[in-house]
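Reviewing the structure listed below.
Just so you know, ligand 1 is whichever comes first in the structure, and atom 1 is the first atom listed for that ligand.
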Amino acid sequence: MNVSRKYPQSRLRRTRFTSAIRNLVAENNLTVNDLIQPIFVKEGLDGTESINSLPGINRYGLNALDEEIEKIQDCKIQAVAIFPVIDPSKKDELGTESLNEDNLVCEAIRQIKQNSDLAIIADVALDPYTSHGQDGILDKTGYVDNDKSLNILSDQALTLAKAGADMVAPSDMMDGRIAKIRNSLEINEFFNTIILSYAAKYSSKFYGPFRDAVGSSSNLGVGSKDTYQMSVANIDEALHEVRMDIEEGADIVMVKPGMPYLDVIKSVKDTFKIPTFAYQVSGEYAMLKAAIQNEWLAEEVLIESLLSFKRAGADCVLTYAAKEVASKLNQ
Ligand code: PBG
């Protein structure tokens with residue numbers, strides 16, 4: 001690799017001369033296969049409802065879901081990540097509704113399966129279902145109890161697998177959840193259900209718009225998730241988390257948020273060389289969209305931002321811009 005080539009033998013601008021040549025030497029490409037669309041379904045909603053802090057993104061009632069799924073499929077996107085907005089009256093301390101086999105998300109999964117070939121990713125965490133908005137169960141002091149939470153989380157994962165989810169995606173950050181879920185899936189003969197682990201999930205302020213979208217922010221109030229999600233200062237710890245999750249049975253690992261954590265994506269991919277997804281989270285999308293809407297930035301920044309994930313080594317990106325970017329890529 002010790003090549004010494006100086007100007008004018010080397011003119012790096014030669015391979016930038018025309019668009020055709022630039023395309024030929026491109027080191028990374030973004031395709032529709034790299035994009036996963038998150039989608040919010042809301043209980044009891046007739047039609048759709050916009051979300052203030054996520055321009056262009058809606059909540060869908062079950063009666064509006066088929067049409068949206070058809071649009072996503074038309075864009076040749078391969079997968080959706082589904083997030084439920086459940087009726088507040090169904091929330092309790094234990095997130096019991098998460099285990100109801102006929103709950104909103106299970107209904108939505110069955111409906112999507114009936115009408116499409118999309119791969120479905122379903123989140124494993126209790127925050128849409130708990131009255132306190134935390135991802136697990138609280139002990140008497142209000143601390144999220146790791147080992148008590150594991151049982152309900154693995155039951156939730158099984159419920160989602162039974163409904164037809166192709167991938168269950170634990171986003172709760174409890175220790176030991178992957179092993180527990182993998183074991184339960186094996187015992188119940190869900191041999192091909194993929195565990196997409198939110199392995200390195202940071203305690204980030206970039207999740208704000210998502211929490212508004214699913215209606216968990218008011219439940220969470222001033223509460224934080226710092227005792228289970230990772231400190232934003234750490235990267236060695238992310239590799240430790242990923243290693244544990246792989247050893248416990250994760251098929252795919254995820255880093256989240258995305259753009260502010262490209263270093264983590266790169267380290268994870270370089271170190272473990274297994275399928276690695278990234279989540280361009282709600283706050284990242286909101287920032288880009290706000291600037292685009294104000295005409296402070298050109299809309300091409302969306303594709304530029306997604307290419308940065310590819311450069312870092314991500315195999316796939318969950319992004320609210322998936323559908324919009326996919327239609328551009330298809331043009
Ligand atoms: C639930 C969950 C969150 C996100 C995905 N799954 C929020 C949180 O952990 O508070 C965030 C996604 C986004 O911001 O787009 N555990």
Side-chain angles (χ1 to χ4, degrees), residues 35-41 51-59 79-86 91 95 97-98 104-105 120-130 132-137 144 146 149 152-153 156-157 160 165 167-174 177-178 181 195-232 241 253-261 277-290 305-306 309 316-323:
L35 304 172
I36 294 173
Q37 179 71 55
I39 177 164
F40 298 105
V41 285
I51 301 162
N52 249 345
S53 49
L54 288 175
I57 301 300
N58 296 314
R59 303 185 190 91
V80 290
I82 182 160
F83 296 99
V85 185
I86 75 154
K91 300 190 184 191
E97 176 67 6
S98 64
L104 173 69
V105 74
I120 303 180
I121 301 169
D123 231 51
V124 178
L126 298 182
D127 55 332
Y129 304 99
T130 49
H132 43 73
Q134 296 287 2
D135 292 14
I137 295 174
V144 176
N146 193 84
S149 302
I152 183 157
L153 287 164
Q156 180 189 22
L160 296 165
M167 304 188 206
V168 291
S171 71
D172 55 283
M173 290 299 280
M174 297 302 119
R177 79 241 211 254
I178 303 299
I181 292 169
I195 299 180
L196 163 58
S197 169
Y198 286 78
K201 177 170 177 180
Y202 287 87
S203 189
S204 169
K205 294 292 178 245
F206 283 102
Y207 307 149
F210 173 96
R211 292 180 189 169
D212 289 340
V214 299
S216 67
S217 50
S218 52
N219 298 71
L220 192 59
V222 294
S224 92
K225 301 190 177 184
D226 291 348
T227 66
Y228 48 104
Q229 297 180 347
M230 280 183 48
S231 159
V232 302
E241 281 282 2
V253 293
M254 183 141 72
V255 175
K256 176 187 175 192
M259 264 216 298
Y261 297 82
F277 288 7
Y279 201 144
Q280 182 175 52
V281 299
S282 56
E284 302 176 58
Y285 172 84
M287 273 191 321
L288 292 169
K289 269 288 171 176
S305 73
L306 293 167
F309 287 91
C316 213
V317 189
L318 281 85
T319 172
Y320 297 92
K323 202 175 57 170

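- Interface atoms of ligand 1 facing Lys256, defined by a heavy-atom separation under 4.0 Å, are 2 (C), 3 (C), 4 (C), 5 (C), 6 (N), 11 (C), 12 (C).
- When each atom of ligand 1 is checked for a heavy atom of Ala125 under 4.0 Å away, the hits are 16 (N).
- Cation-pi contact between Lys289 and Tyr320: absent, since separation from the ring centre below 6.0 Å together with deviation from the ring axis within 45° is not met.
- Between Asp135 atom CG and Lys225 atom NZ the span is 3.5 Å, to the nearest 0.5 Å.
- At least one side-chain heavy atom of Tyr261 sits less than 4.5 Å from a side-chain heavy atom of Val232.
- Atom-to-atom distance recorded for Met167:CE and Leu160:CG is 13.5 Å, nearest 0.5 angstrom.
- Assignment of Tyr285 to the shell around ligand 1 is not supported, since no heavy atom sits closer than 4.0 Å.
- Residue Lys256 holds its NZ atom at 7.0 Å from CD of Gln229, rounded to the nearest 0.5 Å.
- Looking from atom 1 (C) of ligand 1 to the surrounding protein, the closest heavy atom is Asp127 OD2, 2.9 Å.
- Remark: ligand 1 atoms within the under-4.0 Å shell around heavy atoms of Tyr320 are 12 (C), 13 (C), 15 (O).
- The CD atom of Gln134 sits 5.0 Å away from atom CG of Leu220, with the distance rounded to the nearest 0.5 Å.
- Ala278 pairs by the side chain to side chain contact (heavy atoms under 4.5 Å, CB included) definition with Ile265, Phe309, Ala314, not counting sequence neighbours.
- Residue contacts with ligand 1 leave out Gln280, since none of its heavy atoms falls under 4.0 Å from the ligand.
- Near Lys225, the atoms of ligand 1 lying under 4.0 angstrom from a non-hydrogen atom of the residue are 8 (C), 9 (O), 10 (O).
- The CG atom of Asp172 lies 8.5 Å from the CG atom of Asn146; values are rounded to the nearest 0.5 Å.
- Considering only non-hydrogen protein atoms, atom 12 (C) of ligand 1 sits nearest to Phe210 CD1, 3.4 Å.
- No part of Asp172 comes within 4.0 Å of ligand 1, judged by heavy-atom distances.
- Residue, atom and distance of the protein heavy atom nearest to atom 14 (O) of ligand 1 are Ser282 OG, 2.7 Å.
- Shown in contact with Asp135 at under 4.0 Å from a heavy atom are these atoms of ligand 1, numbered in order with element: 16 (N).
- Heavy atoms from both the backbone and the side chain of Ser171 come within less than 4.0 Å of ligand 1.
- Note: Phe83 and Phe210 have perpendicular aromatic rings, judged against thresholds of 30 and 60 degrees for the angle between ring planes.
- Ranking protein heavy atoms by distance to atom 6 (N) of ligand 1, first place goes to Asp123 OD2, 3.1 Å.
- Atoms of ligand 1 lying under 4.0 Å from any heavy atom of Tyr279, numbered from 1 in the order shown and given with element: 12 (C), 15 (O).
- Environment of OH in Tyr285: crowded, with over 12 heavy atoms of neighbouring residues, nucleotides or ligands closer than 6.0 Å.
- Remark: ligand 1 atoms within the under-4.0 Å shell around heavy atoms of Lys201 are 1 (C), 2 (C), 3 (C), 6 (N), 8 (C), 9 (O), 16 (N).
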